[in-house]
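In what follows, a structure is listed as structure tokens, so that the remarks can point back to it.
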Amino acid sequence: MKVTDTSDLWWKSAVIYCLDVETFMDWNGDGVGDLDGLAHRLDYLAELGVTCLWLMPFYPSPDRDDGYDITDFYGVDGRLGHHGDFVEVVRIARDRGMRIIVDLVVNHTSDQHPWFKAARSSPTSPFRDYYVWRDEPPKKQAAPVFPDKETSEWQWDEKAGQYYQHVFYRQQPDLNITDAAVRDEIAKVIGFWLELGVSGFRVDAVPFLLQTDGIIDGARRLPDPHEYLRALRSFVGRRTGDGILLGEVNLPRDEQALFFGGDAGDELTMQFDFIAMQNLYLSLARKDARPLIAALQSRPDGSPDIQWANFVRNHDELTLDKLTAEEREEVFAAFGPEKRMQVYGRGLVRRLPPMLDGDPRRIRMVYSLLFSLPGTPVLFYGEEIGMGENLDLEGRMAVRTPMQWNSGKNGGFSTARPSRLRHAMTTGGFGPEHVNVANQRRDPDSLLTFMQTLIRHYRNARELGWGAFEVIDQPDPAVFAHRLSWDDRSVVLLHNFAPDAVEVPITLKNVHEASHLADLFTGETLELSPTGKATIPLEGYGHRWLRVHAADERSQY
């Protein structure tokens with residue numbers, strides 16, 4: 001492997017930062033974030049070390065599902081700006097060394113989309129087959145995705161005289177993926193945004209996109225949904241050469257392997273590792289690293305051209321659906337004991353710092369872990385400063401509050417009256433008067449400064465994104481020790497899930513007899529015996545990144 005390969009597969013060592021334009025920065029003072037505001041904050045993101053922005057939906061929408069109910073896949077919501085503003089953001093980001101990926105939400109549309117309006121107007125409409133219709137709902141149905149809002153995934157439409165399928169909310173009718181015209185439209189949408197300069201897509205709810213269960217005769221027209229996913233990956237590759245599909249696939253491991261394309265690795269480029277994320281919180285609740293270790297070791301093998309995306313928090317509920325009922329209750333008890341902190345019976349609507357009672361040791365240990373796991377780290381806006389949630393907001397909206405830039409009015413997000421804000425600010429101990437960018441940029445001991453340091457060392461240690469993963473045996477269940485090796489380089493990573501300091505004995509295989517360990521953060525040198533043995537001191541909730549150095553190694557700096 002050559003160092004030049006790291007630019008070809010850029011996503012394997014990227015720093016991905018997810019943000020919602022309407023909650024990031026309001027530049028025109030109307031209470032809603034906009035593309036102009038984002039453009040003026042790109043230098044901040046470059047300073048942080050971000051290399052890839054993931055923009056949540058900014059398309060025209062009635063906003064009944066926070067922008068995921070889309071009325072025009074080719075448009076820009078007028079409140080946020082226009083296409084010229086978007087192109088300027090892409091251009092400025094590229095100049096600052098950042099790529100942009102956007103949400104691809106094509107498993108459904110808004111019920112206000114012109115396609116759906118035309119489809120329901122007549123059985124002979126050319127758009128009728130864009131959606132999934134039945135005279136009667138099937139007797140057997142999957143459980144609703146949002147059980148607090150929906151009791152069925154079929155909705156009667158008086159004008160159409162039929163039921164339409166909606167896996168999510170009733171205002172989001174499902175597109176019929178077996179219809180060739182729909183597939184052509186999806187390709188056009190992808191091609192359109194690629195032409196405007198994006199580097200790929202975060203693909204929403206991929207299993208639901210490919211689902212054909214409710215479609216009569218669907219198997220005849222789309223016999224292999226995964227063949228279609230391969231075609232999309234191929235299309236993106238032809239148009240860009242290095243564009244990506246980052247998929248939301250919250251499924252068991254064997255099914256995740258299918259969505260990567262198995263050994264060929266020719267479907268999704270990346271997938272979020274929901275299983276590791278959920279077991280991370282179980283490990284935090286138990287102060288025991290073993291659930292996380294088991295989750296990482298359960299990852300299927302695959303092509304070197306695919307990658308896992310690691311995350312601590314995303315824009316949805318913090319789902320715990322892959323844990324057992326008993327494990328889920330453990331996490332609820334530790335981090336979300338109040339009913340208002342829980343949602344759908346399976347997840348939490350909280351951010352990490354409040355869940356950990358603001359303990360800086362634990363918070364920093366978790367983010368050190370995020371950047372040192374095998375895979376690519378994904379940050380949700382505000383994580384770098386330790387933002388909290390607003391539990392007065394309903395459901396998922398609790399974690400989608402405005403970015404906190406300073407301690408002034410509306411946290412510096414907007415000059416509008418607070419009542420005009422699209423989303424209310426977080427209040428209390430995690431409000432902007434206590435947690436904001438301006439204060440932390442000037443504080444060498446702040447979480448923001450720590451995150452910048454993490455990102456700098458992550459980007460300088462290509463083993464972290466590219467290396468072969470190995471768990472290092474040691475006796476303490478609270479400690480997670482692992483090694484990532486790439487070519488002739490390797491790093492050793494240690495994380496303590498418990499509050500007590502420990503001495504961690506390790507033995508490393510395949511090391512040069514003159515090697516030693518160098519702490520990437522402090523520069524401290526630790527002895528390594530000729531047989532690869534060392535004992536590493538680790539503070540309570542501590543973390544260490546150690547480079548294995550040979551005596552004459554050129555990578556020492």
Side-chain angles (χ1 to χ4, degrees), residues 57-78 83 103-142 144-146 149-193 203-225 227-229 231-232 235:
F58 51 84
Y59 315 108
S61 165
D63 233 1
R64 296 168 69 187
D65 185 21
D66 202 29
Y68 281 87
D69 49 329
I70 296 168
T71 58
D72 181 4
F73 292 119
Y74 301 97
V76 174
D77 191 316
H83 285 103
D103 253 311
L104 184 67
V105 189
V106 288
N107 52 312
H108 56 246
T109 70
S110 165
D111 59 5
Q112 301 303 306
H113 196 292
W115 295 347
F116 189 70
K117 290 182 177 180
R120 64 196 292 262
S121 67
S122 169
T124 60
S125 166
F127 293 97
R128 188 73 165 197
D129 281 346
Y130 273 43
Y131 297 90
V132 184
W133 303 93
R134 283 193 177 213
D135 293 328
E136 295 290 340
K139 293 182 179 179
K140 290 186 178 181
Q141 297 184 34
V145 174
F146 301 121
K149 300 293 184 182
E150 303 291 347
T151 58
S152 169
E153 61 178 33
W154 292 88
Q155 178 67 29
W156 173 255
D157 186 81
E158 193 69 38
K159 189 169 185 178
Q162 283 186 303
Y163 289 86
Y164 64 84
Q165 188 176 31
H166 62 92
V167 168
F168 295 94
Y169 297 112
R170 66 188 66 186
Q171 64 265 26
Q172 294 169 322
D174 290 354
L175 284 167
N176 177 6
I177 196 66
T178 71
D179 187 77
V182 170
R183 298 198 299 276
D184 285 345
E185 284 287 353
I186 292 173
K188 290 176 185 177
V189 170
I190 291 173
F192 177 82
W193 292 106
V203 189
D204 186 60
V206 183
F208 296 109
L209 169 64
L210 302 186
Q211 179 176 295
T212 59
D213 292 346
I215 303 170
I216 299 173
D217 295 330
R220 177 175 59 81
R221 289 181 282 173
L222 191 65
D224 185 357
E227 183 61 38
Y228 174 58
L229 192 54
L232 288 182
F235 177 73

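Predicted, not measured: the structure shown is a model, and the values here were computed from it.
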Subject >> Pro57 to Val105 - nearest heavy-atom pair and separation >> reply: CG-CG2, 4.1 Å
**OP:** To the nearest 0.5 angstrom, please state how far the CD atom of Gln155 sits from the NE2 atom of His166.
**Re:** 5.0 Å
Original post:
Minimum heavy-atom separation for Leu175 to Val132, with atom names?
Top reply: O-CG2, 4.2 Å
Original post:
Can Trp133 and Phe127 be said to form a ring-ring contact (aromatic ring centres under 6.0 Å, His included), step by step?
Top reply: CA-CA 12 Å; Trp133 303 93; Phe127 293 97; over 10 Å; no
Original post:
Between Ser110 and Pro173, which heavy-atom pair has the shortest distance, and what is it?
Top reply: C-CD, 3.9 Å
**OP:** Search all heavy atoms of Ala205 against all heavy atoms of Phe168 and return the closest pair with its distance.
**Re:** CB-CZ, 3.7 Å
Original post:
Does any N or O in the side chain of Gln141 come within less than 3.5 Å of the main-chain N or O of Glu153, such that one atom is a donor and the other an acceptor?
Top reply: yes
Original post:
What are the two closest non-hydrogen atoms of Asp111 and Phe116, and how far apart are they?
Top reply: O-CD2, 3.4 Å
Subject >> Sequence neighbours excluded - side chain to side chain donor-acceptor pair (under 3.5 Å) pairs with any residue from residues 67-76 >> reply: Ser61-Asp69, Tyr68-Asp103, Tyr68-His315, Tyr74-Glu185
Subject >> Between CG on residue Leu232 and CG on residue Leu209, distance to nearest 0.5 Å >> reply: 7.5 Å
**OP:** Please report the shortest heavy-atom distance between Val189 and Phe73, naming the atom on each side.
**Re:** CG2-CB, 3.6 Å
Original post:
Does Val106 reach the side chain of Ile190, with side-chain heavy atoms less than 4.5 Å apart?
Top reply: no
Subject >> Trace of the ring-ring contact (aromatic ring centres under 6.0 Å, His included) decision for His83 with Phe192 >> reply: CA-CA 12 Å; His83 285 103; Phe192 177 82; 5.7 Å; yes
Original post:
Pairs in or reaching into residues 156-176: which pass salt bridge (charged side-chain N to carboxylate O under 4.0 Å, His left out), with residues at least two apart or in two chains?
Top reply: Arg120-Asp157, Glu150-Arg170
Original post:
To the nearest 0.5 Å, how far apart are CD1 in Ile70 and CG in Asp63?
Top reply: 11.0 Å
**OP:** State, with a plain yes or no, whether a side-chain heavy atom of Arg183 is found less than 4.5 Å away from one of Tyr228.
**Re:** yes
**OP:** Check the pair His108, Phe208 against ring-ring contact (aromatic ring centres under 6.0 Å, His included), reporting the backbone distance first and the verdict last.
**Re:** CA-CA 9 Å; His108 56 246; Phe208 296 109; 9.4 Å; no
Original post:
What residues, two or more places apart in sequence or in another chain, satisfy side-chain hydrogen bond (donor to acceptor under 3.5 Å, both in side chains) together with Gln112?
Top reply: none
Subject >> Flag for Thr109-Tyr131: side-chain donor and acceptor within less than 3.5 Å >> reply: yes
Subject >> Separation of Gln162 CD from Trp154 CH2 (nearest 0.5 Å) >> reply: 9.5 Å
**OP:** Enter the distance from Asn107:CG to Ile177:CD1 here, rounded to the nearest 0.5 Å.
**Re:** 9.0 Å
Subject >> Test item: Val206 and Leu229 side chains (from C-beta on) under 4.5 Å apart, heavy atoms >> reply: yes
